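Note sheet for the following structure.
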Amino acid sequence: MTQLLRVQNFTVSSDGFGAGEGQSLERPFGHADPGKLLAWAFATDHPPVGPSGRGSRGLDDYFTRDYARGIGAEIMGRNKFGPQRGPWQDHEWQGWWGDEPPFHTPVFVMTHHTRPSFTLSDTTFHFVDGDPAAVLARAKEAARGRDVRLGGGATVIRQFLDAGLVDTLHVVVAPTELGSGARLWESPDELLDRFHRDVVPSPSGVTHHLFWRK
């Protein structure tokens with residue numbers, strides 16, 4: 001079976017930003033309010049973090065339920081792991097997710113400053129310095145035949161898109177503007193030369209954009 005590189009449940013503002021400016025330890029999304037940007041996901045019966053069984057079970061929940069299906073590894077950028085820049089100064093701090101990260105797979109963090117791998121619960125973080133194709137090859141090997149999720153942020157997703165490595169994308173456009181930050185696109189139409197697309201509006205106010213490679 002072919003292993004896919006999938007973007008799932010990645011949310012951007014109506015002007016195309018996946019996060020705001022000024023990221024810090026206290027504000028992982030910079031000046032963006034994650035409660036507003038990700039409100040659609042947190043309102044579902046299967047939110048990305050926290051207990052399930054308390055929210056809606058409609059269209060949005062269909063996508064949040066699908067988050068882990070068939071996934072054997074994740075790739076993320078360093079800014080999704082944490083706000084530190086340059087050489088690592090604090091190896092004691094191990095990400096924003098606490099002792100039970102929501103990934104449950106090997107995670108490959110792309111960085112020019114590597115550090116030893118570590119494991120929290122059933123998630124092992126590896127810190128890798130390489131181009132997108134090389135990192136994807138490592139992630140596919142670790143996934144053992146299952147697909148690889150490209151978790152973001154926007155800059156890393158663009159790198160893999162520009163390298164022609166992404167097979168499917170699910171991008172959620174939220175009805176809020178950020179004005180600046182980490183931008184995924186000026187317009188989703190930018191991808192139509194390489195991908196087919198379906199657009200599905202949700203009663204929650206977001207719009208789901210589903211892309212698959214031509």
Side-chain angles (χ1 to χ4, degrees), residues 1-12 18 38 40-53 55-77 80-81 95-97 100-110 117 119-128 130 132-154 156-161 163-173 184 188 191 194-200 202 204 206-214:
M1 294 180 61
T2 300
Q3 287 177 281
L4 301 179
L5 180 62
R6 295 155 52 188
V7 176
Q8 293 177 276
N9 297 346
F10 189 77
T11 306
V12 300
L38 301 174
W40 73 274
F42 290 120
T44 67
D45 204 47
H46 296 79
V49 294
S52 61
S56 69
R57 302 200 69 180
L59 175 66
D60 295 340
D61 187 60
Y62 173 85
F63 288 110
T64 56
R65 286 200 316 269
D66 198 48
Y67 182 72
R69 179 187 57 82
I71 295 295
E74 165 143 345
I75 298 170
M76 68 172 64
K80 181 176 177 179
F81 177 82
W96 276 299
W97 304 281
E100 297 283 343
F103 308 108
H104 312 295
T105 66
V107 174
F108 293 85
V109 181
M110 296 182 68
S117 302
T119 299
L120 294 171
S121 185
D122 57 357
T123 297
T124 299
F125 291 93
H126 305 284
F127 300 84
V128 294
V135 173
L136 178 58
R138 287 192 58 180
K140 283 185 173 181
E141 182 178 5
R144 299 183 179 183
R146 290 177 291 174
D147 293 342
V148 176
R149 181 173 52 236
L150 182 58
V156 166
I157 293 175
R158 285 301 320 197
Q159 290 175 356
F160 280 80
L161 283 170
L165 297 173
V166 178
D167 295 298
T168 67
L169 300 90
H170 166 226
V171 180
V172 185
V173 178
L184 179 65
L191 304 184
R194 290 166 281 170
F195 292 91
H196 303 283
R197 178 183 62 180
D198 281 344
V199 180
V200 185
S202 168
S204 66
V206 302
T207 304
H208 298 276
H209 290 250
L210 306 172
F211 299 87
W212 63 101
R213 189 197 293 269
K214 289 184 176 179

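Heads up: numbering here begins at 1 and tracks the sequence. Bear in mind the structure is a predicted one, so any value in this text is a computation, not a measurement.
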Q: Could you tell me the separation between the CG atom of Leu4 and the CG atom of Leu150, rounded to the nearest 0.5 Å?
A: 12.5 Å
Q. Without hydrogens or angle criteria, can the side chains of Thr11 and Trp40 be said to hold a donor-acceptor pair below 3.5 Å?
A. yes
Q.
For Phe42, I'd like to know if atom CZ has over 12 heavy atoms of other residues, nucleotides or ligands within 6.0 Å.
A. yes
Q. Taking only residues two or more places apart in sequence, or in another chain, which ones meet His196 in a ring pair (Phe, Tyr, Trp, His ring centres under 6.0 Å)?
A. Trp212
Q: Heavy atoms only: give me the nearest Ala143-Val148 pair and the separation to one decimal.
A: CB-CG2, 4.2 Å
(Q) Does Gln159 form a side-chain contact (heavy atoms from CB on, under 4.5 Å) with Val135? I'd like the steps, not just the answer. (A) CA-CA 12 Å; Gln159 290 175 356; Val135 173; over 6 Å; no
Q) For His46, does its backbone N or O pair with a side-chain atom of Thr64 as donor and acceptor, under 3.5 Å? A) yes
Q) Are side-chain N/O atoms of Ser117 and His126 paired as donor and acceptor at under 3.5 Å? A) yes
Q) When rounded to the nearest 0.5 angstrom, what distance separates OG1 in Thr168 from CG in Leu210? A) 9.0 Å
Q.
Quick one: does any side-chain atom of Arg194 pair with a main-chain N or O of Leu161 as donor and acceptor, under 3.5 Å?
A. yes
Q: Give a yes or no on whether the backbone of Arg213 and the side-chain of Asp167 come within a donor-acceptor separation of less than 3.5 Å.
A: no
Q) Is there any salt bridge (charged side-chain N to carboxylate O under 4.0 Å, His left out) pair reaching into residues 134-144, and which pairs are they, with sequence neighbours excluded? A) none
Q.
Taking the side chain as everything from C-beta on, heavy atoms only, tell me whether Phe160 gets closer than 4.5 Å to Ile75.
A. yes
**Q.** Pairing residues for His208 by the side chain to side chain donor-acceptor pair (under 3.5 Å) criterion, not counting sequence neighbours
**A.** Asp60, His170
Q.
Could you report the tightest heavy-atom contact between Phe108 and Ala73, atom names first, then the distance?
A. CE1-CB, 4.3 Å
(Q) Could you check whether any side-chain N or O of Arg158 sits under 3.5 Å from a backbone N or O of Leu184, counting only pairs where one atom can act as donor and the other as acceptor? (A) yes
Q. Which atom names give the shortest non-hydrogen contact between Val7 and Phe10, and what distance separates them?
A. CG1-CB, 3.7 Å
**Q.** Donor-acceptor pair, side chain of Thr44 and main chain of Ser56, under 3.5 angstrom
**A.** no
Q: Identify the heavy atoms of Met110 and Val156 that sit nearest to each other, and give their distance.
A: SD-CG1, 4.3 Å
Q: Classify the angle between the aromatic ring planes of Phe103 and Phe125 as parallel (below 30°), tilted (30 to 60°) or perpendicular (above 60°).
A: perpendicular
Q) Does the side chain of Ser121 pick up a donor-acceptor pair with the side chain of Glu100 at under 3.5 Å? A) yes
Q) How close do Pro48 and Pro102 get, heavy atom to heavy atom, and via which atoms? A) O-CB, 3.8 Å
Q: State, yes or no, whether a side-chain contact exists between Leu191 and Arg197 at a heavy-atom distance under 4.5 Å.
A: no
Q: Verify, without hydrogens or angle tests, whether Gln3 (side chain) and Asp147 (backbone) share a donor-acceptor contact under 3.5 angstrom.
A: no
Q) Does the side chain of Glu74 come within less than 4.5 Å of Gln8's, by heavy atoms? A) no
Q.
Quick check against the 3.5 Å criterion: does Arg65 have a side-chain atom that pairs as donor or acceptor with the backbone of Arg57?
A. no
Q: Considering non-hydrogen atoms only, spot the tightest contact between Asp45 and Asp61 and give its length.
A: N-OD1, 3.1 Å
